[in-house]
Every structure is written in C-alpha cells, then in structure tokens.
Visitor: 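Sharing a structure below in structure tokens format, with a few things to ask.
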Amino acid sequence: MLDIKLIRKDPEWIKNKLASRGVTSDEIDELLSYDTKRRELLVKTETLKEKRNTVSQGIATKKRNKEDASDEIAAMKQVGADIKEIDTELDDVNGKMNYILVRLPNIPDDSVPVGPDESTNVEIRKVGAIPTEGFKPRHHWDIGEELGILDFDQATKVAGSRFVYYLGMGARLERAVYNFMLDEHQKEGYTEVIPPYLVNNTAMFGTSQFPKFTEDVYTVTVDENPLTLIPTAEVPLTNYFADKILDEKDLPKYVTALTPCFRSEAGSAGRDTRGLIRMHQFNKVEMVKVSKPEESYNELEKLTANAENILQKLGLPYHVIVLSSGDASFSSAKTYDLEVWMPAQDKYREVSSCSNCLDFQARRAHIRYRDANGKTQLAHTLNGSGLAAGRTVAAILENYQNADGSVTIPDVLVPYMGGVTKITKENAK
RNA sequence: GGAGAGUUGGCAGAGUGGUAAUGCACCGGACUCGAAAUCCGGCGAACCUAUUUUAUGAUAGGCGCGCAGGUUCAAAUCCUGUACUCUCCUCCA
C-alpha cells in the first residue's frame with residue numbers, strides 16, 4: 001500500500017509513475033477527493049468529540065455533587081446524534097478511499113525500464129554457456145516419463161490437470177535439489193523456517209495478494225472460516241514479522257523456507273500445459289528479508305546473488321533480467337527475474353523472481369522497527385525464490401540429458417543423491 | 001467435540017457506567033572518585049487529524065483496554081457476535 005501522504009503531496013508524480021502500471025490519473029484524482037472529504041469530516045467529528053468529552057466531564061462532576069445535569073445531557077444527545085451521522089459518512093468515504101488505495105500497485109524504482117509488459121524487460125547479464133549436444137535435446141517431460149520418474153497421466157486421473165507424481169529417482173532428485181538450496185541459504189545467514197501452509201485473509205492482505213488476486217489461489221472454508229493455501233512462502237514468511245516492532249540492531253532479518261505452493265493458474269489456460277513448468281502445486285524455496293530502508297536495494301542485489309549462486313553451482317546456464325514497470329508484480333518496486341536455459345524449448349524460463357517491495361507490504365502488515373532515536377519506522381521487505389524446485393528439476397533433466405536417455409546428476413547434488421551420478425532406466429526406481 | 005477461566009502500556013497488574021491506579025523497567029537529576037543502593041523528577045503502546053516548523057520537532061485534539069457491532073449524555077466496565085490463549089474432560093498423528 002502506498003502512503004496517502006505521498007500521493008497527496010505530489011499527485012502528478014504518482015500519476016506519471018503509475019501510468020505504465022495500468023493506473024489512470026482519474027483513479028488518483030478520485031482517491032484524493034475522498035482523502036480531502038475524509039479529512040474535512042475528521043475535523044468535524046473530532047471537534048464534536050472534543051466537546052462531548054469536555055461536557056461529559058462536567059456532567060460527571062455534577063452527578064458526583066448530586067447536582068442536576070439534565071440540560072447538558074439533553075444538549076449532548078444532539079451532539080451524539082451528529083457525531084454518529086458524520087461517522088457514518090466518514091466510514092463510507094474511508095471505504096471508498098481504501099478500495100482504491102489498496103488496489104494501487106507499488107511505484108517502480110527510477111532504475112526500472114518503463115514499459116507495458118514483458119517485451120520491455122531488459123537483460124542484465126548472461127551466465128553459463130548454452131550446451132550444444134550432438135543430438136536434438138528432448139523435453140523434460142519426455143525424458144522423465146521415459147525414465148519412469150515423472151507420471152503426469154496418473155496425477156491427472158487422481159487430482160486433475162497440472163499435477164504430477166514424482167517417482168523413485170525423480171522424487172529423490174527434487175528432494176536433493178531443495179535440500180541443497182536450503183543448505184546453501186543457511187550458509188548465507190538465512191534462518192530456516194517451516195511456516196503454516198494455510199493462512200488467513202489478513203496475512204494474504206499483508207503481502208498484498210488480497211484483495212486483488214483472490215482468483216489466483218485456493219481457499220478452503222471450514223465453519224465460515226476461510227484459509228488460503230499459500231501461493232508462495234513469501235506470505236507466511238513476510239507475515240512472520242507482521243505487527244512487530246523490531247530492534248534496529250536486529251536488522252536485516254533473513255529467513256528461508258521450503259514449502260509447497262498452490263496456484264489456481266486461472267487465466268493461463270493453454271499455456272505450458274505439458275511438463276513441470278506450470279503446476280497447481282509445486283515446491284519452492286523462498287528467501288525473505290526485512291531491512292532498513294537505506295539498505296534495501298543493496299540487500300536486493302545480495303538476495304539475487306544468493307539465488308544465482310544456486311544456478312551457478314548446479315551448472316545451469318541462465319540470464320538475469322530486470323522487469324519493466326508493467327511486468328513487475330503488484331507489490332514490487334524493482335524485480336530481477338532469473339531465467340534458466342531450457343534446451344528443448346530453446347528459450348529461458350523463469351526460476352526465480354527477486355523483489356524489493358520497499359515499505360509497500362510493511363505498511364499493510366505493520367512491519368516496523370525502532371530506530372536509534374527511538375522512533376518507529378516502517379521496514380522494507382524483500383523476497384525472492386531460491387529457487388522454484390520443480391522448474392529447477394526440469395532444467396536439470398533437459399540440460400544434463402544424454403543421448404541414451406539417461407540424465408547426469410550435477411556434481412553438487414551427488415552427495416544428496418546417495419552417491420548416484422546418473423539416472424538411468426535401470427536405477428530410476 | 002464438552003466445561004470453565006482469561007485477553008489492559010516493554011513486563012507485572014488494579015479497575016463492574018463518569019473517561020485507564022500502582023510496581024518493575026526506562027530516561028533525567030541529586031548523592032558518589034565511579035557504581036550500586038537511596039532520594040527527587042519525568043516518561044505509558046501504536047495510529048490519525050489540525051496548526052506550526054521544516055528537516056530528524058513542537059502544540060492541541062481524536063482514537064486507544066483482543067477484534068467487530070450495540071445500548072448510553074458518557075463504555076475497559078453493560079449487551080450481542082467473533083478470534084485467540086490457558087485449565088480440565090474427550091479424542092488423536
């Protein structure tokens with residue numbers, strides 16, 4: 001959520017900044033008119049409440065002295081009615097203002113390319129050589145099904161489309177991948193967390209998935225009490241700090257978690273219908289940071305480096321892009337995507353998204369810290385995948401495939417695979 | 001699932017209709033070579049608004065006793081709903 005004071009102070013700047021994020025200047029004008037109205041009503045009602053408080057004290061004194069106070073009480077009856085009326089109007093205006101305010105995306109950083117969508121993203125760097133096998137690379141789903149380590153058909157029968165069974169060495173490989181990631185992040189100073197996988201609406205609002213993106217998630221309701229299956233560990237990890245006032249000396253905070261992620265993928269029908277790329281349920285290792293404002297962009301670079309470290313150690317070619325203003329996620333001021341090379345698709349695919357949300361989530365979730373002067377300040381929050389496990393497995397299958405259909409295990413994963421260096425039809429189960 | 005108790009400032013803890021005691025902690029001062037102890041004084045979350053100043057504030061006011069409503073001139077206090085915590089019973093990986 002943006003700071004209404006900031007919008008009030010420089011509306012033209014905000015309009016300009018949010019233009020490429022699908023926000024019209026009319027929306028900002030409407031928002032500001034509600035803000036003006038709201039403040040007028042606040043002054044009115046607060047003046048009346050001050051009067052009520054003063055007179056009520058007088059009534060209390062009189063009553064204590066056994067004097068008659070019926071004139072004051074009669075007068076206050078009207079004041080009370082006036083207050084009620086103004087407060088009702090105030091609630092209405094507040095509601096209208098917040099409806100717009102909580103749906104405004106974050107302001108892109110000055111370093112972010114301005115543009116409408118992914119076509120205006122900019123490549124920052126390319127790492128690792130794209131492999132040139134002497135054979136035509138096959139898709140990971142073909143490799144996986146042939147080895148018997150992935151079963152999409154039976155998963156479709158049991159759960160529906162966009163689900164999968166990992167079997168034998170496939171399951172083992174995924175476990176190796178995320179254990180490796182968690183171990184690496186622990187070395188970088190992240191605290192490992194196992195969070196709740198279902199969260200309430202307040203948490204979903206805190207990280208700004210709600211109210212705008214309710215259709216992208218699965219929500220279960222028991223006795224009228226709705227809980228949402230987390231679409232990313234960002235939600236429970238960031239909300240771990242909700243309603244807290246941290247000590248400046250304890251910042252930055254680094255946490256990491258492996259969780260399943262659940263996404264309805266509404267609106268992506270027909271895209272990536274095969275393979276591990278776009279599932280309703282997938283494992284992801286997430287990194288979350290809470291930092292002081294002046295350090296958050298430096299922390300974003302370090303966070304991105306932590307994610308890149310995984311790809312480098314796995315020997316997977318990738319590139320880093322900075323998302324343009326129109327393509328970045330709702331709460332992000334700046335996002336780097338890491339895209340891994342998928343030989344069979346002959347293109348890069350996203351495996352990580354690293355974002356600095358500034359105080360956008362902190363304002364919603366009340367994540368604050370006390371600075372050296374004892375003043376409370378909003379902290380900055382960051383999050384990044386490190387990495388999506390399923391997509392990483394897909395990338396390993398494709399990049400490490402051999403002509404005979406077997407898949408070589410990246411060196412760093414061999415210890416996690418119990419010494420196995422290659423998945424073949426023979427050892428796959 | 002059943003029964004009961006509870007939720008108040010960083011912590012502890014009073015307060016059953018008149019506008020949040022008190023203690024500890026914290027800050028300043030005195031005493032002291034310094035500290036502790038003691039004494040004196042101060043400070044009570046977070047948030048919002050107005051005025052003023054612009055830097056990191058000041059002043060006034062509102063709000064605030066888990067949350068949301070209601071009754072009342074006035075609600076921590078009464079009523080309704082709800083969340084959570086604890087204890088006991090039941091059940092359970």
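Atom set for the values below is all heavy atoms of this structure, side chains included, hydrogens, waters and symmetry mates excluded. Proteins come first, then strands; the chains are lettered A, B, ... in the order of their sequence lines, and each starts at number 1.
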Visitor: Please determine if a side-chain N or O atom of A:Arg39 lies less than 4.0 Å away from the OP1 or OP2 oxygen of B:C48.
Guide: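 A:Arg39 to B:C48 OP1/OP2: no side-chain N or O under 4.0 Å.
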Visitor: Is there a Watson-Crick or G-U wobble partner for B:C91 with both distances under 3.5 Å, and which nucleotide is it?
Guide: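 Pairing partner, where one exists within any strand: none, as none qualifies.
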Visitor: Testing the 3.5 Å rule here: is there a donor-acceptor pair between the side chains of A:Tyr165 and A:Gln154?
Guide: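 No donor-acceptor contact under 3.5 Å links the two side chains.
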Visitor: Taking the C1' atom of each, how far is B:A20 from B:A45, in whole Å?
Guide: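 It works out to 13 Å between them.
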Visitor: Suppose you measure atom P in B:C65 against the same atom in B:U8; what distance do you get, rounded to whole Å?
Guide: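 The same atom, P, in both gives a distance of 11 Å.
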Visitor: Give a yes/no answer on whether the side chain of A:Asn53 brings an N or O atom under 4.0 Å of OP1 or OP2 in B:G61.
Guide: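 For B:G61, neither OP1 nor OP2 has a side-chain N or O of A:Asn53 closer than 4.0 Å.
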Visitor: Between A:Glu174 and A:Tyr178, do the side chains contain a donor N or O and an acceptor N or O under 3.5 Å apart?
Guide: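 There is no such pair between these side chains.
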Visitor: Between B:G62 atom P and A:Asn94 atom CG, what is the distance in whole Å?
Guide: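 Checked: the CG to P distance equals 19 Å.
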Visitor: B:G10, OP1 or OP2 - any side-chain N/O from A:Lys244 closer than 4.0 Å?
Guide: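 Looking at the OP1 and OP2 atoms of B:G10, neither is under 4.0 Å from any side-chain N or O of A:Lys244.
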Visitor: To the nearest angstrom, how far is A:Lys49 atom NZ from B:A50 atom P?
Guide: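 Result: 15 Å.
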Visitor: In whole angstrom, give me the gap between the P atoms of B:G57 and B:G44.
Guide: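 The same atom, P, in both gives a distance of 16 Å.
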Visitor: For B:U77 and B:G9, measure between their P atoms and round to the nearest Å.
Guide: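 Here B:U77 and B:G9 have their P atoms 15 Å from each other.
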Visitor: Using the C1' atom in both, what is the distance from B:U19 to B:U82, to the nearest Å?
Guide: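 Taking atom C1' in both B:U19 and B:U82, they lie 26 Å apart.
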Visitor: For A:Ala60 and for A:Arg8, locate the closest nucleotide of RNA chain B by heavy-atom distance; then report the residue assigned to the nucleotide nearer the 5' terminus.
Guide: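 Nearer the 5' end of the strand: A:Ala60.
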Visitor: Taking the same atom, C1', in B:C47 and in B:C63, what whole-Å distance lies between them?
Guide: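 Roughly 8 Å separates the two C1' atoms.
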Visitor: Name the residue closer to the 5' end of RNA chain B, choosing between A:Ile245 and A:Lys9 according to the nucleotide with the nearest heavy atom.
Guide: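 Per heavy-atom nearest nucleotide, the more 5' residue is A:Ile245.
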Visitor: Is the side chain of A:Thr273 donor-acceptor paired with the backbone N or O of A:Ala269 at a distance under 3.5 Å, no angle test?
Guide: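 Flag not set: sc A:Thr273 to bb A:Ala269 has no pair under 3.5 Å.
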Visitor: Once you apply a heavy-atom cut-off of 4.0 Å, does A:Lys44 come out as touching a base, just sugar-phosphate, or nothing?
Guide: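 The answer is nothing, as A:Lys44 stays clear of every strand by at least 4.0 Å.
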Visitor: Could you check how far NZ of A:Lys84 sits from C1' of B:C73, rounded to whole Å?
Guide: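 One finds 13 Å between C1' of B:C73 and NZ of A:Lys84, rounded.
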Visitor: In the structure shown, which nucleotide is the Watson-Crick or G-U wobble counterpart of B:C39, with both distances under 3.5 Å?
Guide: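 For B:C39, the partner nucleotide comes out as B:G29, under the 3.5 Å rule.
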Visitor: Does B:U49 have OP1 or OP2 under 4.0 Å away from a side-chain N or O of A:Lys5?
Guide: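 Yes, such a contact exists.
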Visitor: Going by atom types only, do A:Ser111 and A:Lys334 share a side-chain donor-acceptor pair under 3.5 Å?
Guide: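 Result is yes, a qualifying pair exists.
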Visitor: I need the CG-P distance between A:Leu378 and B:C48, as an integer number of Å.
Guide: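 Result: 9 Å.
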Visitor: Rounded to the Å, how far apart are A:Asp3 CG and B:C48 P?
Guide: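 Going from CG in A:Asp3 over to P in B:C48 covers 8 Å.
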Visitor: Does B:U52 have a Watson-Crick or wobble mate here (both distances under 3.5 Å), and if so which one?
Guide: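 Pairing partner: B:G57.
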Visitor: According to the Watson-Crick and G-U wobble definitions, with both distances under 3.5 Å, which nucleotide is paired to B:C47?
Guide: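 Partner of B:C47: B:G62.
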Visitor: Taking only the P atom of each, what is the distance from B:A21 to B:C79 in whole angstrom?
Guide: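 25 Å, rounded to whole Å.
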Visitor: Calculate the interatomic distance between A:Arg38 atom CZ and B:U49 atom C1'; express it in whole Å.
Guide: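 In whole Å, B:U49 C1' and A:Arg38 CZ are 8 Å from each other.
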Visitor: Can you tell me how far C1' of B:A46 sits from NE2 of A:His366, to the nearest Å?
Guide: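 That distance rounds to 10 Å.
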Visitor: B:C47, B:C48, B:C73: which one has an atom nearest the side-chain heavy atoms of A:Arg52?
Guide: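 The nucleotide sitting nearest to the side chain is B:C73.
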Visitor: Roughly, in whole Å, what's the span from CD in A:Glu50 to P in B:A74?
Guide: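 About 17 Å, once rounded to whole Å.
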Visitor: So which nucleotide does B:G6 pair with, by the Watson-Crick or G-U wobble rule with both distances under 3.5 Å?
Guide: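 Partner of B:G6: B:C84.
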Visitor: Going by atom types only, do A:Gln361 and A:Thr381 share a side-chain donor-acceptor pair under 3.5 Å?
Guide: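 Judged by distance alone, the side chains do pair up.
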Visitor: Using atom P in both nucleotides, what's the gap between B:A60 and B:G4 to the nearest angstrom?
Guide: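 Looking at atom P only, B:A60 and B:G4 are 49 Å apart.
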Visitor: Decide whether A:Ser296 and A:His380 meet the rule of one side-chain donor and one side-chain acceptor closer than 3.5 Å.
Guide: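 The criterion, which ignores hydrogens and geometry beyond distance, is satisfied for A:His380 and A:Ser296.
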Visitor: Quick check: do A:Phe282 and A:Pro260 have side-chain heavy atoms less than 4.5 Å from each other?
Guide: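 In short, these two side chains do not touch, never coming nearer than 4.5 Å.
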